[in-house]
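Reviewing the structure listed below.
Protein chains get the first letters and strands the later ones, always in sequence-line order, with residue 1 at the start of each. These figures come from a predicted structure and were not determined experimentally.
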Amino acid sequence: MSDHAFRAPKGTRDVLWPDSARRRFLVEVFAEVVGSAGYLEVVPPIFEHIEVFQRLGPATDVVRKEMYAFEDKGGRTIALRPEQTASVVRGFAEHRPAVPYKTWYAGPNFRYERAQKGRFRQFDQVGVEVLGPYDPHLDAETITLAWRFYERLGLRRVTLLVNSLGSAEDRGRYVDALRVHFEENRDALSEESRATLAANPMRVLDSKREADIELVDAAPLMLDHLSDDSAEHFTAVTEALDAVGVPYTVNPRLVRGLDYYVRTTFEFAADALDASQNAVGGGGRYDGLAAEMGAPETPGVGFALGVDRTLLACDAEGVFAAPASAVDVFVVDATDGTEAVVLTDRLRSAGLRVDRAWDGRSMKAQMRAADRSAAVLAVIIGEDERASGMATVRDLRGDGGQETVEIGQLTDILRARLR
RNA sequence: GUGGCCGUAGCUCAGUCUGGUUAGAGCACCUGGUUGUGGUCCAGGAUGUCGGGGGUUCGAAUCCCCUCGGUCACCCCA
């Protein structure tokens, strides 16, 4: 591994090709899917004043213990963004664009926590946020777009879980009922859950500890505490999902870690991944957040999908493979090397993907480099070709057949053979 | 943040329990066999502060302590 040399900081890593190419393709697919629905890209800053994230709620772990914060030279307390919803909504409050404000984003987030596979201190997400409409059909649209995105990647084993947390008032009544339920059986709860109960009773529903299973199963359900208005909203969401044919499971115990969610919440689980970290994406409605950020009361809904975990899910399902090669043509120059200088430039300018070997190595070594580049064709220029104005085109993937052609026709011939 | 396991060549690992000559293997890499031809084969070659620091010892990859990193579980989430 390493000597006294530098290493990437804990919880971070270098993404090398071809993984880097694969990530970029993933973002391109996402941009196409949401772009086709009129969503516009937004690029928020990577850090914010810490207060922006503190608006996410005091019981939210992301702000309570996972914030990457520091003081800058101006004495401001700055935090690297743990997620992008807060930044996007802050930007909405700051610029007041016309609604509906439909945006998408892609980029890194930072959380200070113990790293493991599929969980890094710097991790990428893609997502959408929409400010303005209260319409439940919009919730369904965002969910549908995420679903189509997974489909486009080739993922087949993704499960959509949906739930409604009700309005802020519904939620308040429900939390009271939950608190009563758990307090009455306090002694049966695990020690960890008793601590969670004090901070946020709903989060107890998330417990995976044996001791808590019975009590969690017996807990009152949010869906029984919805006001008529919230229940109607939720029904409209699920009916819209039915109408477009996106399969889902209603999970009345789905609680998400961010405190700002109201009404619709949803999560995407990759069944091909281990259950402990199978959440590849999630989102919901946050009708109170814009006002928290200083905008007029404005409903909002959105989701974020984890790039790293989505790619792990793709690995597990054997889909969305990384590219096999970076170039299609490899130039081998067995003369003094000047032919390769000119030829690579000409072919690239013609739109071909072309590489070559360096350091004046033997033809055998250059051919080996050509093979390893995974290019489909080699263009060979030796003394004979140079003298006669020809070039040899050799097939590297099939039987290795080759032909010698006029240098002037090389570009057209390469294009034709690569088709 | 708490606990378990792990860290030897670019990669995957053996060697660690039972300290002892120049620290090994496979793959990958380089050169040659083929002075103009890769992918197979054959021959040869290069590469390690044994994660880092300290300690015990005549002697440490091996034993002890600290530290950094990875990994898994918890917590939580992407």
Pairwise [atom1] distance, [M] and [N] [rounded to whole Å]:
{"N": "B:U12", "M": "B:C50", "atom1": "C1'", "value": "16 Å"}
{"N": "B:G45", "M": "B:G7", "atom1": "C1'", "value": "29 Å"}
{"N": "B:U47", "M": "B:A9", "atom1": "P", "value": "15 Å"}
{"N": "B:A46", "M": "B:G10", "atom1": "P", "value": "16 Å"}
{"N": "B:G32", "M": "B:G38", "atom1": "P", "value": "12 Å"}
{"N": "B:U8", "M": "B:G69", "atom1": "C1'", "value": "15 Å"}
{"N": "B:C13", "M": "B:A23", "atom1": "C1'", "value": "14 Å"}
{"N": "B:C74", "M": "B:C41", "atom1": "P", "value": "46 Å"}

Would you classify [X] as touching base, sugar-phosphate or nothing, given that sugar-phosphate means primed atoms plus P, OP1 and OP2, and contacts are heavy atoms under 4.0 Å?
{"X": "A:Arg386", "answer": "nothing"}
{"X": "A:Asn109", "answer": "nothing"}
{"X": "A:Arg256", "answer": "sugar-phosphate"}
{"X": "A:Ala370", "answer": "nothing"}

Let me know the distance between [atom1] of [X] and [atom2] of [N], rounded to the nearest Å.
{"X": "A:Gln366", "N": "B:U34", "atom1": "CD", "atom2": "C1'", "value": "16 Å"}
{"X": "A:Arg23", "N": "B:A78", "atom1": "CZ", "atom2": "P", "value": "16 Å"}
{"X": "A:Trp17", "N": "B:G10", "atom1": "CH2", "atom2": "P", "value": "22 Å"}
{"X": "A:Gln116", "N": "B:C5", "atom1": "CD", "atom2": "C1'", "value": "14 Å"}
{"X": "A:Asp14", "N": "B:C11", "atom1": "CG", "atom2": "P", "value": "13 Å"}
{"X": "A:Glu83", "N": "B:C76", "atom1": "CD", "atom2": "P", "value": "18 Å"}
{"X": "A:Arg203", "N": "B:C75", "atom1": "CZ", "atom2": "P", "value": "12 Å"}
{"X": "A:Phe120", "N": "B:G69", "atom1": "CZ", "atom2": "P", "value": "15 Å"}

On a heavy-atom basis, the closest approach of A:Ser230 and A:Arg263 is OG-NE, 3.9 Å
Identify the heavy atoms of A:Val42 and A:Tyr101 that sit nearest to each other, and give their distance. CG2-OH, 4.0 Å
In the strands shown, is [N] matched to any nucleotide by a Watson-Crick or G-U wobble pair with both distances under 3.5 Å, and which?
{"N": "B:G26", "value": "B:C11"}
{"N": "B:C74", "value": "B:G1"}
{"N": "B:A43", "value": "B:U31"}
{"N": "B:U57", "value": "none"}
{"N": "B:G48", "value": "none"}

Any A:Arg114 side-chain nitrogen or oxygen under 4.0 Å from OP1 or OP2 of B:C72: no
Counting only side-chain nitrogens and oxygens, does A:Arg119 get under 4.0 Å of the OP1 or OP2 atom of B:C75? no
Below 4.0 angstrom, N of the basic side chain to O of the carboxylate: do A:Asp19 and A:Arg24 qualify? no
Salt bridge flag under 4.0 Å for residues A:Lys102 and A:Glu141: yes
Within the side chain of A:Glu385, is there an N or O that forms a donor-acceptor pair under 3.5 Å with the backbone of A:Gly382? yes
Want to settle it: does A:Gly281 or A:Ala115 sit nearer the 5' end of RNA chain B, counting the closest nucleotide to each? A:Ala115
Whichever of A:Lys10 and A:Gly282 has the more 5' nearest nucleotide on RNA chain B, that residue is A:Lys10
Test salt bridge (charged side-chain N to carboxylate O under 4.0 Å, His left out), reference A:Asp308, set A:Arg13, A:Arg121, A:Arg119, output is A:Arg13
Base, backbone or nothing for each nucleotide of nucleotides 37-44 of chain B, written B, S, -, heavy atoms under 4.0 angstrom, 5' to 3'? BBB-----
Within a 6.0 Å radius of atom OH on A:Tyr112, are there more than 12 heavy atoms belonging to other residues, nucleotides or ligands? no
Run A:Asp355 and A:Arg372 through salt bridge (Lys or Arg N to Asp or Glu O under 4.0 Å) and show every step you take. CA-CA 11 Å; A:Asp355 201 0; A:Arg372 267 199 310 259; over 6 Å; no
Do the numbers put A:Arg356 on top of the ring of A:Trp358, so that NZ or CZ is under 6.0 Å from the six-membered ring centre and no more than 45° off the axis? yes
Is the base of B:A78 touched by the side chain of A:Glu113 through a donor-acceptor pair closer than 3.5 angstrom? yes
